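Reviewing the structure listed below.
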Amino acid sequence: MIETQVDRFLRNCWYVAGWEDEVPAEGLFERTLLNESVLFYRASGGRVVALENRCCHRGAPLHLGRREGDCVRCLYHGLMFNPEGRCVEIPGQDHIPASACVRTYPVVAKDELLWIWMGDPALADESKIIRFWWHTDPAWRKKREYLHYQAPYTLIVDNLLDFSHLTYVHSNTIGTPSNATTRAQVEPIEGGLRVTRRYHNDQIQANRRSIATFDGPADRWQIYDWYAPSFLSLYTGSAPAGTGAHEGHLVPEAMQYRHCSVQTPETASTTHYWFSHAANFGLETSEVIDVVFDGVLRAFKEDKTIIEAQQQALLKGRPFQTVGIGHDGALVQARRLIQRQLDEEDRAVQSAAQATPAAAASRRIALVPAK
Amino acid sequence: MIETQVDRFLRNCWYVAGWEDEVPAEGLFERTLLNESVLFYRASGGRVVALENRCCHRGAPLHLGRREGDCVRCLYHGLMFNPEGRCVEIPGQDHIPASACVRTYPVVAKDELLWIWMGDPALADESKIIRFWWHTDPAWRKKREYLHYQAPYTLIVDNLLDFSHLTYVHSNTIGTPSNATTRAQVEPIEGGLRVTRRYHNDQIQANRRSIATFDGPADRWQIYDWYAPSFLSLYTGSAPAGTGAHEGHLVPEAMQYRHCSVQTPETASTTHYWFSHAANFGLETSEVIDVVFDGVLRAFKEDKTIIEAQQQALLKGRPFQTVGIGHDGALVQARRLIQRQLDEEDRAVQSAAQATPAAAASRRIALVPAK
Amino acid sequence: MIETQVDRFLRNCWYVAGWEDEVPAEGLFERTLLNESVLFYRASGGRVVALENRCCHRGAPLHLGRREGDCVRCLYHGLMFNPEGRCVEIPGQDHIPASACVRTYPVVAKDELLWIWMGDPALADESKIIRFWWHTDPAWRKKREYLHYQAPYTLIVDNLLDFSHLTYVHSNTIGTPSNATTRAQVEPIEGGLRVTRRYHNDQIQANRRSIATFDGPADRWQIYDWYAPSFLSLYTGSAPAGTGAHEGHLVPEAMQYRHCSVQTPETASTTHYWFSHAANFGLETSEVIDVVFDGVLRAFKEDKTIIEAQQQALLKGRPFQTVGIGHDGALVQARRLIQRQLDEEDRAVQSAAQATPAAAASRRIALVPAK
Ligand code: FES
Ligand code: FES
Ligand code: FES
């Protein structure tokens, strides 16, 4: 089944909320994630705070409010909330009920990305954040971008896990004829899949020839680790054919790239998409990464065009029955993995309910998806 | 519960349909009220007629039709209706079936407002119209305006019944710090609530200082009578502190204002909002009322911003649970009053159904809200 | 009942998909018909092919794909389909499953129109296509146009079958006062209705007087054959009064017109509308048809205005109960005819299911309307 609308989101995982520097030093920043509006701001020392962007009094959005110290005051009737989401002032009264609070979300800044945990806060484990370490490593030079999609995140996952589309969607940018004919090797990794494609004696993408470190045929590789629900860490590159790249030996002319693609559902049918691309050669100027990134960006816009058109096509006409092909291997496994994790979250909520009803109740609140 | 959508409207009450002078001397005027499109025009002598704006033949809107004497002709197939809603001509045939009619609504022009009764016509009692007599009293000078809201009328009622928001929403216009800390006195009146706030030794709103009749501290008052479902008649003013205003004695420098705010649901989630503000001093020129009204209008736009944002915030995310505060007293009572009147309308329909089935059936038609 | 939304379309009939010359010699052309997106292109020899515009792999629209010979390749992952809708290439694999295909629709070009059959292909009988032979007859000179309607096709059928509206909607274009007072004669024909109106000693439409072949009073006629669900073939004209036109004798000054109006549902609530108007006199220059067509086009835009307003009026307010009038005769019969044909299609599917379950299953697929 291909959904045009995602009804259930994985909750107990870290999502990207944006680039870390999108949250201003002062002021309030709003973004909708998993169908919830979230308020971000920096408390003392620059620490980012993430609160439910809906005052518990009458529901006014807090991002139209005002900072007062580390707190934010709702500018409807003046309730004030601290960075832990507790109401600390109600104008005209002394007593503040315990229920007067807004949800707070664990957030972590790492590798220039801002990560948020929208599930059970007790399970938020910083060590599970997917790393994109080269974002801050001086041995790599990168560029980054953002796209907003009118499609559910699952259609983007499908796209990322079948590189056969490169030949057709990206024939003028990053694709080569060999993409569609090279069957990928797919293997499970912790929390995801590794998809490996190796091309022997192949050609460099046309639009990258100007910045290539060598002429002639190339051995190329694409190794990408995908993690549920929607993280892609790609290692790709090329070396002069026959110099041992596929056997683990990289000559100095070898060109290596690392790529980060992350999606976070905005709503059931729209998606945030952040990505970056880095090279480890030609670091002195921006020439290499400009050329490479230009192709990547154009390719990603080509993807956006076809995926949003796919979404529209699926919304119309008779019920759609997909016909599987060989290249679907990775995407089918990815869908299964997401489903398995969704089922696990359900089971966790249920078994907690049997063990300690009260704790489970609060956990359930944290896990119940928005209607 | 805070609704983002109102499914049931009070029917047996007078609503404002617009300023009386909005209905042109000639020509046809359309406005949607309580989710019904209504046609207004002036019959002989200027009397305003209000008809269901949907021809009983095939549903074409009558406001695209043509006046012929006191009648209106549908310009689709030519049926003609008189001011009582009866079809008086069907082209090509002599017989006119009794069912060939459109609803007609009782309308009354009063205090520059046009009032309409959209419930059981037999219950329409002109004496129940809320009066805003100062609209036409030469001892008062007023200005008036209209706003269209992308929010249900209930969110506006909430706003009007909790003046603590003045301090926060209107800090630059009509609010003072004292609004949020002064608890209002709330008492029931016939069909509504009276909310009284008295401020002792307080300050005049900053933006009104230029037109003030006196300097120094002021005793201020806000007395507003709210009537279900959505009428506000406000009497407010200020006098030099200690001159007896709160005890009923007004010195000549006392500045008095009267304000009218009425809402009529347009649809389940949009609202018409008419209001006026009047002063009883500085009547010779428009200076005083210009200054005062400018602040009121800016304040009302501030309200619109926060209320429409609240509506959007309530529409998104998990189900919303409101947390009550002390200042909610009046709005909670108002919501209960509206609910009680809705329940009464239901009971009236049911008991009528038991007494005289036929009469009840027609009454039910008049009362059943649109789907 | 007047629907603002059509839930079931007649399937076993020919619909117009467009002007035949809208499908380019090269390239791909998309149009939504009966809520399905259809891809059109010309295979060898100019023959038009119509395919379901949704790749069977993951649903990408094929009109964003690429022609390769007589085939079309999906530019997502590269599946290629032949004009029969069969997948003939899946990149990276040899085996092509039998299920890898898209629907194909019978199409026929006739009378400058492109006709499509969206029901059971086994029943597509070219001889049942409604003919508009004068489109290509040199004895007639025509102009043609297209309108897109924000209303279900049924509201347009209603309009076309009650010419009493000409007097009111088209008082400044093609209507005359006599339209509304002349009762039409309605008789059944194969698959439709014939509506005949004859006007004796009447006047020519004001806007056609400049091109009239005679002065003075006219005998006029309108004979239109309507076929379910939405085809109108109109023969109309006028001759000097008393020269025998109504008895079958046409003097040389007689002015004859032929008109074609066809609607195809785009979605449940939007409609494609193609029409043409032809005259058989003044053929040397475009003057006559320019004058006549100008009036027709303006009239059709007047219809569009009132019908789209009717649709909006029906969508709002209480449930609508139509009141019938005498002029409704033809439209009521037309609605019944459509309903009868819909019921027949249902019965055919059911009885096929009892006879040969397997064949019926595939037929059912062909007939089941989109959800
Ligand atoms: S809605 Fe925030 S204080 Fe009332
Ligand atoms: S819809 Fe008004 S006359 Fe037909
Ligand atoms: S969607 Fe067409 S080839 Fe994949």
Side-chain angles (χ1 to χ4, degrees), chain B residues 9 11 30-39 51-66 68 72-81 85-87 89-103 118 266-268 270 364-371, chain C residues 1-4 151-152 154-173 175-185 197 302-332 335:
Chain B
F9 300 120
R11 299 232 143 227
E30 187 273 342
R31 180 157 283 153
T32 295
L33 304 165
L34 278 62
N35 217 25
E36 293 177 25
S37 176
V38 181
L39 170 75
L51 300 180
E52 180 181 4
N53 187 28
R54 204 169 56 173
C55 176
C56 65
H57 176 223
R58 306 293 289 177
L62 294 176
H63 78 281
L64 296 183
R66 173 171 77 203
E68 298 192 11
V72 60
R73 189 186 290 279
C74 176
L75 279 188
Y76 199 172
H77 313 92
L79 266 66
M80 188 154 76
F81 299 91
R86 296 221 50 85
C87 178
E89 190 185 320
I90 300 181
Q93 74 188 62
D94 294 328
H95 175 68
I96 297 175
S99 59
C101 60
V102 294
R103 289 190 82 206
M118 299 184 74
E266 180 188 45
T267 68
T270 58
R364 195 180 301 121
I365 288 165
L367 290 175
V368 166
K371 271 200 286 203
Chain C
M1 241 286 289
I2 311 194
E3 321 85 333
T4 52
T154 43
L155 291 190
I156 306 174
V157 167
D158 290 348
N159 172 277
L160 290 170
L161 285 170
D162 180 358
F163 266 31
S164 78
H165 82 268
L166 269 70
T167 305
Y168 302 103
V169 179
H170 308 311
S171 58
N172 299 317
T173 50
T176 60
S178 49
N179 294 129
T181 48
T182 307
R183 188 68 70 90
Q185 176 192 340
R197 275 201 175 79
E302 288 167 341
D303 279 324
K304 184 164 142 70
T305 299
I306 192 79
I307 291 172
E308 292 183 340
Q310 177 192 21
Q311 164 81 346
Q312 289 310 309
L314 292 170
L315 283 168
K316 210 185 277 188
R318 307 164 188 234
F320 182 72
Q321 274 296 346
T322 180
V323 172
I325 65 172
H327 282 300
D328 293 341
L331 75 87
V332 168
R335 292 294 193 112

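Since the structure is predicted, the reported quantities are computational estimates derived from the model, not experimental observations. Naming convention: chains lettered A, B, ... in sequence-line order (proteins, then strands); numbering from 1 in each chain.
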Of all heavy-atom pairs linking C:Val323 and B:Ser99, the shortest is CG2-O, 3.5 Å
Exactly one candidate in C:Asp328, C:Asn159, C:Asp162 meets side-chain contact (heavy atoms from CB on, under 4.5 Å) with B:His77; the answer is C:Asp162
Segment of B:Thr267 engaging chain C (4.5 angstrom heavy-atom cut-off): neither
Under a 4.5 Å heavy-atom cut-off, does chain C meet the side chain of B:Leu75, its backbone, both or neither? both
What part of B:Pro97 lies closer than 4.5 angstrom to a heavy atom of chain C: side chain, backbone, both or neither? side chain
So for B:Ile96, is it side chain, backbone, both, or neither that comes closer than 4.5 Å to the heavy atoms of chain C? neither
Under the side-chain contact (heavy atoms from CB on, under 4.5 Å) criterion, do B:Arg103 and C:Arg318 qualify, and how do the steps go? CA-CA 11 Å; B:Arg103 289 190 82 206; C:Arg318 307 164 188 234; 2.6 Å; yes
At what distance, to the nearest 0.5 angstrom, does CD of C:Gln321 lie from SG of B:Cys56? 11.0 Å
Are the side chain of C:Gln310 and the backbone N or O of B:Arg58 linked by a donor-acceptor pair below 3.5 Å? yes
Nearest heavy-atom contact between C:Ala313 and B:Gly59 is CB-O, 3.2 Å
Applying side-chain contact (heavy atoms from CB on, under 4.5 Å) to B:Glu36 and C:Lys316, what does each step give before you reach the verdict? CA-CA 6 Å; B:Glu36 293 177 25; C:Lys316 210 185 277 188; over 6 Å; no
Whatever's closer than 4.5 Å to a heavy atom in chain C on B:Cys55 counts as backbone
For C:Ile325 and B:His57, run side-chain contact (heavy atoms from CB on, under 4.5 Å): C-alpha distance rounded to whole Å, both residues' side-chain angles, the deciding distance at 0.1 Å, then the answer. CA-CA 7 Å; C:Ile325 65 172; B:His57 176 223; 3.4 Å; yes
Is C:Leu331 close to chain B through its backbone or its side chain, or both, or neither, when contacts mean heavy atoms under 4.5 Å? side chain
Out of curiosity, B:Tyr76 OH to C:Thr305 OG1, how far, rounded to the nearest 0.5 Å? 11.5 Å
